[in-house]
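Shown next, in structure tokens, is the structure this report addresses.
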Amino acid sequence: MEASLFFAPRATKTTVDIHLLSPKAARIHVKNKASSLQRGFIKARGFETKAGHSIALPGRDGSVAAVLCVAGDRVTPWSFASLARTLPRGRYRLLCEDRDAAEAFSLGWALGQYAFDKYKAPRKKPRQLVMAEGARAERVLRLAEATFLVRDLVTTPANDLVPADLANAAKAVGNRYGAKTTIIKGKALERDYPMVHAVGRASVHAPCYVDLRWGDADAPKVTLVGKGVIFDSGGLDLKPASAMLTMKKDMGGAAHAIALAGAIMDAKLPVRLRLLVPCVENAIGGNAFRPLDVLPTRKGLTVEIGNTDAEGRLILCDALADAADEAPDFIFDFATLTGAARVALGTELPALFCNDELLATEILAGGQNEYDALWRMPLHADYNRHLSSQVADVSNTSSTRFGGAITAALFLQRFVGPDQPWAHVDVMAYNSGSRAGRPKGGEAMGVRAAYAAIEARYGATAED
């Protein structure tokens, strides 16, 4: 689905104005600008000019003549996202003098109309919005498109998104902006990325590895990594059936990294971007990796397999070691890594682990600015003892059932190195239920936060 469907470049004679006003300004508007018919309608409906309230005002013919939205101290994308589904179909124009409020409203307008309709009949004509003057229309559209891409990829079932399809999705985004994309597979994958190969080799859909590069060679290096497990059966330590029902989302980290890379390239941010996506299916078969196997990694460390269902950290360790080899300014990885993070923070708040104070501060600020919050968790070094193995350099599972999100992050940190700035987001990537602007299914969590942090660090776009 394309976010541009929900926006229009200009108003027409039939365009309906949406007034986004403070409670005080809304009261003045009702008193001085609403018709007697509209004031009577407002009174009959018991409408109050309180923050978060909205009302469609009628014209003499009964059609919607104007829409009044009452803003609080801060408008979020979710404040009025439901309007995009409840107003009559047509074209609307947002009137708002506050740029941040106008952009948040506009983003919510698009996200509120999103639907995964790949396998359904074509949708009816969407409601379109003419953004307010002063709003950074291209930026709003960019962030909406990134969110849509994550939602589309995560919600697509695994039979239509095998590892090669996920790799091609990344390549298609790169092709749009002139990036160079290499897809590594077969013997080269087994030689250079042994963990990626080991995890994915039992599937009839062969594993592969995406290496995308874009930008000026002299620009600051930014490397994104995403966990691309298109479906996770749990391997030989098989998941129960109920736990598999959302495992098509286990490539959600890859979807996040791909979408973020697309936003960076679309904005032409002055960075040297690299995107790394290991793409596998964790299946069972005669050649599946086993519990207590000891496997090599790209970095040279050996890993004892405590559980084949802890496979995401295995494919990420090769990708992170690859990323760290080039010593970029920072590495940013996304992964649907642990249930423990969901137990700690719930399904809607991603866990951020970061070994660099400045980078962590920038990401958290980006989350606050973009209504895309994350919560920082500790890389508590003492817990490394829980990853010890008697026969290998490290185990992929902890010796304790507590602090699982932390021990998983500590496992990853071994492959980044002590001096490499790095951020890891343990993300749900899925809405378990529907709310305004956030339908059930795949969801972007942390993409806008990361984009804002990178944008702030390396320079705003030309439209700013």
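None of these values were measured; they are calculated from a predicted model.
Ring pair Phe334/Phe332 is parallel by interplanar angle, where below 30° counts as parallel and above 60° as perpendicular.
Under the 4.5 Å side-chain criterion, counting only non-hydrogen atoms from C-beta, Ile315 is not in contact with Tyr209. In this structure, Met445 and Asn431 have side chains that are in contact, with non-hydrogen atoms separated by less than 4.5 Å. Between Glu370 and Leu107 there is no side-chain heavy-atom pair separated by less than 4.5 Å. In this structure the side chain of Thr336 reaches within 4.5 angstrom of the side chain of Val427, judged on heavy atoms. Side-chain contact between Arg457 and Phe330 is present, with heavy atoms from C-beta onward closer than 4.5 Å. Residues Val16 and Leu87 fail the side-chain proximity criterion, which asks for heavy atoms closer than 4.5 Å. Residues Glu103 and Arg99 have side chains in contact (heavy-atom distance under 4.5 Å, counting atoms from C-beta outward).
Open room surrounds NZ on Lys440; 12 or fewer heavy atoms of other groups in view lie less than 6.0 Å from it. Other residues, nucleotides and ligands contribute at most 12 non-hydrogen atoms within 6.0 Å of the OH atom of Tyr383. For CG of Asn32, the number of neighbouring non-hydrogen atoms (other residues, nucleotides, ligands) closer than 6.0 Å is greater than 12. Within a 6.0 Å radius of CZ in Arg89, more than 12 heavy atoms belonging to other residues, nucleotides or ligands are found. Around atom CZ of Arg45, no more than 12 heavy atoms belonging to other residues, nucleotides or ligands sit under 6.0 Å away.
Shortest non-hydrogen contact noted between Ile230 and Ala158 is O-CB, 3.7 Å. For Ala167 against Cys208, the heavy-atom pair with the smallest separation is CB-SG, 3.7 Å. Nearest heavy atoms, Ala409 versus Trp422: O-CH2, 3.4 Å. In plain terms, the two heavy atoms of Gly437 and Glu443 that are nearest each other are O-OE2, 4.5 Å. Pro328 approaches Val222 most closely through the heavy-atom pair CB-N, 4.5 Å. Looking at every heavy atom in both residues, Pro163 comes nearest to Ala206 through CB-O, 3.5 Å.
Residue pairs meeting the salt bridge (Lys or Arg N to Asp or Glu O under 4.0 Å) criterion with at least one member in residues 4-25, sequence neighbours excluded, are Asp17-Arg93. Pairs engaging residues 38-67 under the ring-ring contact (aromatic ring centres under 6.0 Å, His included) rule: none recorded [sequence neighbours left out].
With sequence neighbours left out, His29 forms a ring pair (Phe, Tyr, Trp, His ring centres under 6.0 Å) with His19.
A distance-only check finds a donor-acceptor pair linking the side chain of Gln128 to the backbone of Leu5 [under 3.5 Å]. With hydrogens and angles ignored, the 3.5 Å screen pairs a side-chain donor or acceptor of Ser233 with a backbone N or O of Asn282. Distance alone, capped at 3.5 Å, places no donor-acceptor pair between the Asp266 side chain and the Gly262 backbone. The closest donor-acceptor contact from the side chain of Trp109 to the backbone of Arg127 lies under 3.5 Å. Side-chain atoms of Ser63 do not come within 3.5 Å of backbone N or O of Gly59 as any donor-acceptor pair. Between the side chain of Arg39 and the main chain of Ala34, a donor-acceptor pair closer than 3.5 Å is present. Of the possible donor and acceptor atoms, none in the side chain of Trp375 sits under 3.5 Å from a partner among the backbone N and O of Leu345. For Arg85 (side chain) and Gly112 (main-chain N/O), a donor-acceptor pair under 3.5 Å exists by modelled atom type.
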### Query
For Ile258 and Leu275, what are the C-alpha separation, side-chain angles and deciding distance, and is it a side-chain contact (heavy atoms from CB on, under 4.5 Å)?
CA-CA 7 Å; Ile258 293 167; Leu275 169 68; 4.1 Å; yes
### Query
After noting the C-alpha distance and the side-chain angles of Phe6 and Leu129, does the key distance pass the side-chain contact (heavy atoms from CB on, under 4.5 Å) rule?
CA-CA 6 Å; Phe6 305 115; Leu129 182 72; over 6 Å; no
#### Entry: Stepwise side-chain contact (heavy atoms from CB on, under 4.5 Å) check, Met265 with Val173
CA-CA 9 Å; Met265 291 186 287; Val173 171; 3.9 Å; yes
### Task
Kindly determine whether Asp211 and Thr182 satisfy side-chain hydrogen bond (donor to acceptor under 3.5 Å, both in side chains), including the steps that lead there.
CA-CA 5 Å; Asp211 188 344; Thr182 303; 6.0 Å; no
### Task
With side-chain contact (heavy atoms from CB on, under 4.5 Å) as the test, would you mind laying out the steps for Val140 and Phe7 before giving the verdict?
CA-CA 10 Å; Val140 171; Phe7 297 105; 4.2 Å; yes
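A salt bridge is defined here as a Lys NZ or Arg NE, NH1 or NH2 lying under 4.0 Å from an Asp or Glu carboxylate O, and Glu311 with Lys227 meets this definition. A salt bridge between Arg342 and Asp426 is present, with a side-chain N of the basic residue lying under 4.0 Å from a carboxylate O of the acidic one. The pair Glu348-Arg438 fails the salt-bridge criterion, with no side-chain N (NZ, NE, NH1 or NH2) lying under 4.0 Å from an Asp/Glu carboxylate O. Checked for salt-bridge contact, Lys248 and Asp160 miss the test: no charged N lies under 4.0 Å from a carboxylate O. At a threshold of 4.0 Å, the pair Lys239-Asp232 counts as salt-bridged, since one of the basic side-chain nitrogens sits closer than that to a carboxylate oxygen. With respect to Arg213 and Glu326, a salt bridge is recorded, a charged nitrogen being found less than 4.0 Å from a carboxylate O. A salt bridge does not link Arg448 with Glu455: every distance from a Lys NZ or Arg NE/NH1/NH2 to an Asp or Glu carboxylate oxygen is 4.0 Å or more.
With 3.5 Å as the limit, one finds no donor-acceptor pair spanning the side chains of Tyr451 and Asp372.
Between Asp237 and the choices Ile284, Thr397, Asn307, the side-chain contact (heavy atoms from CB on, under 4.5 Å) rule is met once, by Asn307.
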